[in-house]
Every structure is written in structure tokens, then in C-alpha cells.
Amino acid sequence: MAMGRAVSGAVRRLASSLSASPAAPCRELHAGAGSKKVVGVFYKANEYASKNANFLGCAEHALGIRDWLQSLGHQYIVTDDKEGPDCELEKHIPDLHVLITTPFHPAYVTADRIKRAKNLQLLLTAGIGSDHIDLNAAAAAGLTVAEVTGSNVVSVAEDELMRILILVRNFLPGYHQVITGDWNVAAIAHRAYDLEGKTIGTVGAGRIGKLLLQRLKPFNCNLLYHDRLKMDPELESQIGAKFEEDLDAMLPKCDVIVINTPLTDKTRGMFNKEKIAKMKKGVLVVNNARGAIMDAQAVADACASGQIGGYSGDVWYPQPAPKDHPWRYMPNQAMTPHISGTTIDAQLRYAAGTKDMLDRFFKGEEFPPQNYIVKEGKLASQYL
């Protein structure tokens, strides 16, 4: 199959480009001799695990590295049970050496867990986004934190574009009419629009933000971006996007706002009641970044009042989202579980990248610079 060959080629190219890590100030960074205890935390697929041999991101397939790790003499413990004092993960905190987790079913690595993990050397994120880890505590403890940078940026950017179209075209009410046996064109059409000519602003223009802007260009939108760094002028010109240094000045210009910034101490709760009030009334918001960037109740209230005309995303806080989370019940939402970055194609890429970094860790080799989130007591610039 052409798609399978393309994915396999991408995996080979990714795997061939990866490296691993140097020495940390407080704890031994390289694996050293002897068997290591590696713990992986992934979502359980249950009956879906057998439906696709490439479904590597679930607990049952565990990134496809079990046989390889065991052949090297390492122990590989896999679980989906990550919360509470009696969970399976807690049993392994005192003696694990490596913890692998994903943003889609994150194991929250608190300062307390880090303190109790006396043998821990390496925290790996199979995917992108390591905010489920207390990065300051990890840095203070001399741990290395790394992720598979770039592994699912295309997946997330495509998903964002889909969500923009779903909101702009008021798609979900029409779908719900079909499955409930209704037919009321007016109930859909009164708030359905074309994307062409609308002003789209992204808060954050890193890898995902740039890919989204590139994919929006053919729709003939007015493209704006706010970021701590201005794009290369040539790329900015090619995309046709305008830099907005002042976020508060950009917000009221936008018909659609997309959140593409990492979750940091500065961005946590960034979009509160006051910030949302600066947006154009009826604005559409897409957030595939992190749920905690938003004030959850403020978003729900704004959707109820009409200040936000539609909200879509796949990120929540905490994850999995509790059944009483206000976003489940607010009007004009198109929410899903955290799925945008865990397509089968993305799973193949982040599984290959994780295996490569483990291999280099065991050999005492460096990772690619862009994969480090915490190295030798220092945080990557995007988390400062």
C-alpha cells in the first residue's frame, strides 16, 4: 500500500537521524552496565489492539519494543494504571531507571514522585509535550527529559485545520440531525460560514503553528501569528502571515483563534475571563495545545454566553477528563479525547524515535539537541 510505504520511509528517515544523552549534574545519565528497569505508561486499547498491527501507542503493543528490550536483558513493565497511591505505576517508582509516557495518557511525574524515584535517570515522552512532568524538579534532580520532537506535528496541524472547518461550517449539528432522524437546514445554516476571507490567528508559531498556517494559505484567509520569535522573513512571506507582537491587540481581530503554545508557568491559565473578553464576540477557538492553558470554567461560561461561538480541541486537564468536566456539557463545542497526535502514522514515528533514543541511552550517546527538554539541569527555551 502506498501510504504504508510512505510511513515506513518516514520512520526509517526519522530513526536514522536520532541520537542520545550526556552526563547530568546530580544523577548518572548514561545507562551504564547491567539490566535496566524501563516502565511504559500507555492507554489501554482492549478489543481495538488486535485491529491494526501498527497500533503501537497502546499498552498492549507498548511501542513495539518489548522483545527488543528483553533481548538486551532489560526489564519492561507496561501499565495504563497511573493515578493514586495504590496504582501500578507507584509500585515501580522506587526502582525504575527509565519512564516512558505519552501526552495522550500522561503519567503525571510530580516532584514527590521524582524524589522517591532514586534510580530514575531518564524521562521519555513518546510524542511531543512534556508538561506532565515537573520540569523544574527534574532539572534540580539532574534528570534528563526528552521527547520525539517533530514526530506528530503534521498529525496535529491537520487535526487543527479539520476542527477549524468543523466550527466554521457548523458541521456537528448537521451530523447530530442525521443520527437522530431530524432534518432542519435552517438550524445549521444560520451560523455556517465560508473559511475564505476570515482572519485566523495562531497563538504560537512553532513547528505545528507554521504547518497550520501553510495549510491555511490556499483558503485565502487573513493569517496572523503571535509568538516569542518572529519567523524568517522569507518563510513569513511565503506563508503570507503577519506577525502580531501584542497578543491583546491581535485577539479582537480574529474570527478564529488557534492555541499552539506550550504549557509553561507563564501560559498556565493564560486564557482566563479577562483574556477571553478581549476576543471578538462569537470567536471560534481551537486548542490542541494543552487544556490547562485555558481557564476551564471561563471557557464554558463564554460558550454559554456566546462570547465564544464555538470551541474545539482534544486537550483537557486533567486527562482522562472527569465525567463532570464542564467542557463536556457546554454548548457549541466539538471536543474529543486527546487524539490529534496519535494517528497510526504518528505512532510509527514516535515509536521509532523512542526506540532510537533508548538505544543511544544504553550506548551512552547524545540525543539530537532538539529532543532535549531538560538536560544537565537546564530547561529547553520554550519552557522558560
Side-chain angles (χ1 to χ4, degrees), residues 131 156-157 160-161 163-170 191-206 208-210 212-213 216 219 221-231 236 239-317 325-327 329-335 382-384:
D131 47 87
V156 177
E160 288 178 341
L161 178 56
R163 291 176 191 274
I164 291 170
L165 288 166
I166 283 172
L167 291 178
V168 169
R169 300 307 292 263
N170 201 25
R191 58 192 307 269
Y193 297 89
D194 294 341
L195 184 54
E196 185 175 40
K198 302 300 182 292
T199 297
I200 317 294
T202 176
V203 182
I208 295 170
K210 289 185 180 75
L212 174 66
L213 291 170
L216 282 167
F219 287 88
C221 301
N222 180 28
L223 301 176
L224 307 177
Y225 73 97
H226 170 79
D227 196 87
R228 61 191 178 87
L229 299 174
K230 199 173 184 294
M231 282 186 210
E236 189 180 75
I239 294 174
K242 179 185 175 186
F243 178 64
E244 294 279 342
E245 186 173 4
D246 186 344
L247 175 61
D248 288 348
M250 183 183 86
L251 293 178
K253 300 175 184 177
C254 296
D255 301 298
V256 180
I257 292 170
V258 186
I259 312 301
N260 274 313
T261 189
L263 176 62
T264 67
D265 291 341
K266 293 178 182 177
T267 63
R268 186 178 300 274
M270 176 182 182
F271 284 89
N272 53 20
K273 182 179 179 180
E274 291 71 30
K275 190 70 76 176
I276 291 170
K278 296 179 186 294
M279 300 178 183
K280 181 185 293 188
K281 186 172 178 61
V283 67
L284 305 177
V285 179
V286 171
N287 178 17
N288 280 1
R290 288 295 181 264
I293 294 172
M294 318 300 287
D295 179 322
Q297 191 57 54
V299 169
D301 292 344
C303 284
S305 71
Q307 174 62 19
I308 292 179
Y311 186 92
S312 184
D314 69 333
V315 287
W316 310 66
Y317 184 79
H325 196 292
W327 291 356
Y329 309 105
M330 64 189 183
N332 301 319
Q333 57 92 355
M335 294 297 296
Q382 66 265 35
Y383 285 98
L384 295 176

At what distance, to the nearest 0.5 angstrom, does CE of Met279 lie from CG of Leu284?
11.0 Å

Apply salt bridge (charged side-chain N to carboxylate O under 4.0 Å, His left out) to Asp295 and list each qualifying residue two or more places apart in sequence or on a separate chain.
none

side-chain contact (heavy atoms from CB on, under 4.5 Å) between Leu216 and Leu195, intermediate numbers included
CA-CA 9 Å; Leu216 282 167; Leu195 184 54; 4.1 Å; yes

Contacts of type side-chain contact (heavy atoms from CB on, under 4.5 Å), residue Asp246, not counting sequence neighbours
Asp248, Ala249

Which residues satisfy the salt bridge (charged side-chain N to carboxylate O under 4.0 Å, His left out) test with Asp314, sequence neighbours excluded?
none

Mind checking what makes side-chain contact (heavy atoms from CB on, under 4.5 Å) contact with Leu247, not counting sequence neighbours?
Val203, His226, Met250, Leu251, Met270, Phe271, Lys275

What residues form a salt bridge (charged side-chain N to carboxylate O under 4.0 Å, His left out) with Lys230, not counting sequence neighbours?
Glu236

For Asn170, give me all partners under side chain to side chain donor-acceptor pair (under 3.5 Å), at least two apart in sequence or on another chain.
Arg191

Qualifying residues under salt bridge (charged side-chain N to carboxylate O under 4.0 Å, His left out), relative to Lys273, sequence neighbours excluded:
none

Once ring pair (Phe, Tyr, Trp, His ring centres under 6.0 Å) is applied, do any residues pair with Phe243, and if so which ones, sequence neighbours excluded?
Tyr225

With sequence neighbours excluded, residues passing ring pair (Phe, Tyr, Trp, His ring centres under 6.0 Å) with Tyr311
Trp327

Report the residues that fulfil side-chain contact (heavy atoms from CB on, under 4.5 Å) with Ala334, sequence neighbours left out, ordered by chain and then residue number.
Ile166, Leu167, Leu172, Ser312

Which side-chain hydrogen bond (donor to acceptor under 3.5 Å, both in side chains) pairs, counting each pair once, include a residue from residues 297-307, with sequence neighbours left out?
Gln297-Asp301

The test is side-chain contact (heavy atoms from CB on, under 4.5 Å); show your working for Thr267 and Arg290 and say whether it passes.
CA-CA 10 Å; Thr267 63; Arg290 288 295 181 264; over 6 Å; no

Looking at Lys281, I'd like to know if its NZ atom is crowded, meaning that more than 12 non-hydrogen atoms belonging to other residues, nucleotides or ligands lie closer than 6.0 Å.
yes

CD1-CG distance between Ile259 and Asn288, expressed to the nearest 0.5 angstrom
10.5 Å

Backbone of Leu224 reached by a side-chain donor or acceptor of Lys242 within 3.5 Å:
no

Run the side-chain contact (heavy atoms from CB on, under 4.5 Å) test against Arg268 and tell me which residues pass, sequence neighbours left out.
Leu263, Ala292

Asp131 versus Pro262: any side-chain heavy-atom pair under 4.5 Å?
no

With distance as the sole test, does Asn272 use its side chain to make a donor-acceptor pair with the main-chain N or O of Glu274 at under 3.5 Å?
yes

